[in-house]
Amino acid sequence: MEYHNIPPIYDERSEILILGSFPSVKSREGQFFYHHPQNRYWKVMAAVFGCQVPETIDEKKHMILSNHAAMWDVIASCEITGSSDSSIRNVVPNDIGRLLKETEIRRIYTNGGTAHKYYQRYIKKKIGWEDIPLPSTSPANAQWTLEKLIEVWKEKVTVCAPATDFATDSCAFEN
C-alpha cells in the first residue's frame with residue numbers, strides 16, 4: 001500500500017480546486033505535486049494564470065495560492081505499481097469535504113481520466129459536487145501537445161481574480 005505524502009495546497013481564499021489522481025513515484029520521492037520534470041502541469045498552469053513558469057516548490061505554491069487555487073489528489077492511499085494509473089487498486093479517497101469547509105472553493109477540476117474516474121466513484125456522492133474533467137498533463141498522455149493542453153485548460157478553467165488586498169502580484173515570485 002502506498003500513502004499520499006503531500007499535503008494539499010490551499011488557503012481560506014482558494015476558489016478553485018484542481019485534483020490529480022495519486023502522486024507519481026517522482027512526486028512521492030520529491031514530496032511535491034507534479035515533480036516529474038516532463039509533466040506539463042506547471043507549464044499549463046502558468047499559461048492559465050498568465051505567469052512565468054515557476055521553478056521552485058515555493059514559487060509553485062505562491063503561484064497556486066496567489067491565484068486563489070488549491071491542489072490535491074483524489075486518492076489518499078492505494079496499491080499501485082510504480083506510477084501506473086492502470087494498476088491502482090484498493091483506493092482510499094482523500095477527505096475533500098474537509099478542504100471545502102476551510103475554503104471558498106466554487107469549482108472542482110480533475111486532471112486526467114483517472115482522477116475523474118475516482119472522483120466520480122468516491123468523492124462526488126459524498127460532497128454532491130460535479131467535477132470538470134480536463135485532459136491529463138502527464139507525459140504519458142502523448143496524444144495531447146503542450147499547446148493543445150494549454151488551449152483546453154485555458155478555455156475550461158475559470159481563473160478567479162486575485163484579491164486586491166493581496167500584498168504581491170499573482171505571478172511575482174517572492175525571493
Side-chain angles (χ1 to χ4, degrees), residues 1-28 30-36 39-42 44-45 48-49 60-61 63-65 67-144 148-161:
M1 188 71 99
E2 293 287 339
Y3 296 91
H4 198 296
N5 64 347
I6 307 167
I9 299 172
Y10 71 99
D11 65 19
E12 67 280 352
R13 293 184 274 205
S14 297
E15 297 178 15
I16 63 172
L17 173 60
I18 301 164
L19 295 170
S21 55
F22 189 75
S24 69
V25 170
K26 285 282 188 199
S27 294
R28 293 190 306 266
Q31 297 188 359
F32 198 69
F33 298 98
Y34 305 105
H35 203 64
H36 193 287
N39 193 297
R40 299 166 292 180
Y41 180 83
W42 296 108
V44 169
M45 292 312 298
V48 167
F49 294 142
K60 292 170 182 177
K61 286 179 182 178
M63 182 180 74
I64 294 299
L65 293 175
N67 283 283
H68 297 230
M71 292 176 58
W72 208 9
D73 287 309
V74 172
I75 301 170
S77 66
C78 64
E79 291 177 16
I80 185 170
T81 303
S83 299
S84 172
D85 283 352
S86 64
S87 72
I88 292 174
R89 304 280 182 271
N90 298 318
V91 168
V92 176
N94 271 316
D95 183 5
I96 305 299
R98 175 185 60 89
L99 191 144
L100 295 177
K101 290 176 188 170
E102 298 174 9
T103 64
E104 298 295 323
I105 299 293
R106 298 178 196 170
R107 282 178 212 88
I108 298 174
Y109 300 91
T110 46
N111 182 0
T114 302
H116 174 67
K117 175 175 89 173
Y118 288 112
Y119 180 90
Q120 292 290 310
R121 187 175 296 167
Y122 295 105
I123 307 292
K124 181 184 169 193
K125 59 185 161 192
K126 285 186 180 178
I127 65 171
W129 289 35
E130 287 291 340
D131 65 315
I132 301 166
L134 295 164
S136 174
T137 60
S138 168
N141 185 14
Q143 67 190 20
W144 283 78
K148 187 68 175 165
L149 284 171
I150 288 171
E151 180 184 324
V152 170
W153 278 63
K154 281 176 108 172
E155 178 185 306
K156 290 192 175 192
V157 176
T158 304
V159 178
C160 305

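Computation of the quantities below employed the complete heavy-atom set of this structure, encompassing side-chain atoms and omitting hydrogens, waters and symmetry-equivalent molecules. This is a predicted model, so every value here is computed, not measured.
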I'd like a table of donor-acceptor pairs (distance under 3.5 Å, sequence neighbours excluded) in which one partner is a side-chain atom from residues 74-81, with atom names and distances.
{"from": "Glu79", "atom 1": "OE1", "to": "Asn90", "atom 2": "ND2", "distance (Å)": "3.3"}
{"from": "Glu79", "atom 1": "OE2", "to": "Asn90", "atom 2": "ND2", "distance (Å)": "2.8"}

Audit row: Trp72, His4, side chain to side chain contact (heavy atoms under 4.5 Å, CB included) steps and yes/no: CA-CA 10 Å; Trp72 208 9; His4 198 296; 4.1 Å; yes
Verdict with supporting geometry, Ile127 and Tyr119, side chain to side chain contact (heavy atoms under 4.5 Å, CB included): CA-CA 10 Å; Ile127 65 171; Tyr119 180 90; 3.3 Å; yes
Intermediate values then yes/no, side chain to side chain contact (heavy atoms under 4.5 Å, CB included), Ile105 and Tyr10: CA-CA 10 Å; Ile105 299 293; Tyr10 71 99; over 6 Å; no
side-chain hydrogen bond (donor to acceptor under 3.5 Å, both in side chains) evaluation trace for Asn111 with Thr137: CA-CA 7 Å; Asn111 182 0; Thr137 60; 3.1 Å; yes
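To the nearest 0.5 Å, atoms CE (Met71) and CG (Leu65) are separated by 10.0 Å. Note that the CG atom of Asp85 and the OG atom of Ser138 stand 7.0 Å from one another [nearest 0.5 Å]. Here the NZ atom belonging to Lys154 is positioned 11.5 Å from the CE atom belonging to Met45, to the nearest 0.5 angstrom. The structure places CZ of Phe33 at 9.5 Å from CD1 of Ile64, a figure rounded to the nearest 0.5 Å.
Around CD of Gln120, the count of heavy atoms belonging to other residues, nucleotides or ligands within 6.0 Å exceeds 12.
Scored by the side chain to side chain contact (heavy atoms under 4.5 Å, CB included) test, Asp95 finds Arg98 as partners (sequence neighbours excluded). Every residue two or more places apart in sequence or in another chain that forms a ring-ring contact (aromatic ring centres under 6.0 Å, His included) with Tyr34 is listed here: Tyr41.
When only modelled atom types and interatomic distance are considered, Ser136 and Asn141 share no side-chain donor-acceptor pair under 3.5 Å.
In terms of heavy-atom proximity, Phe32 sits nearest to Trp42 at CE2-CZ2, 3.5 Å. The shortest non-hydrogen separation linking Ile6 to Ser27 is CD1-O, 3.7 Å.
Taking the charged nitrogens against the carboxylate oxygens, Arg28 and Glu2 do have a contact shorter than 4.0 Å, which makes a salt bridge.
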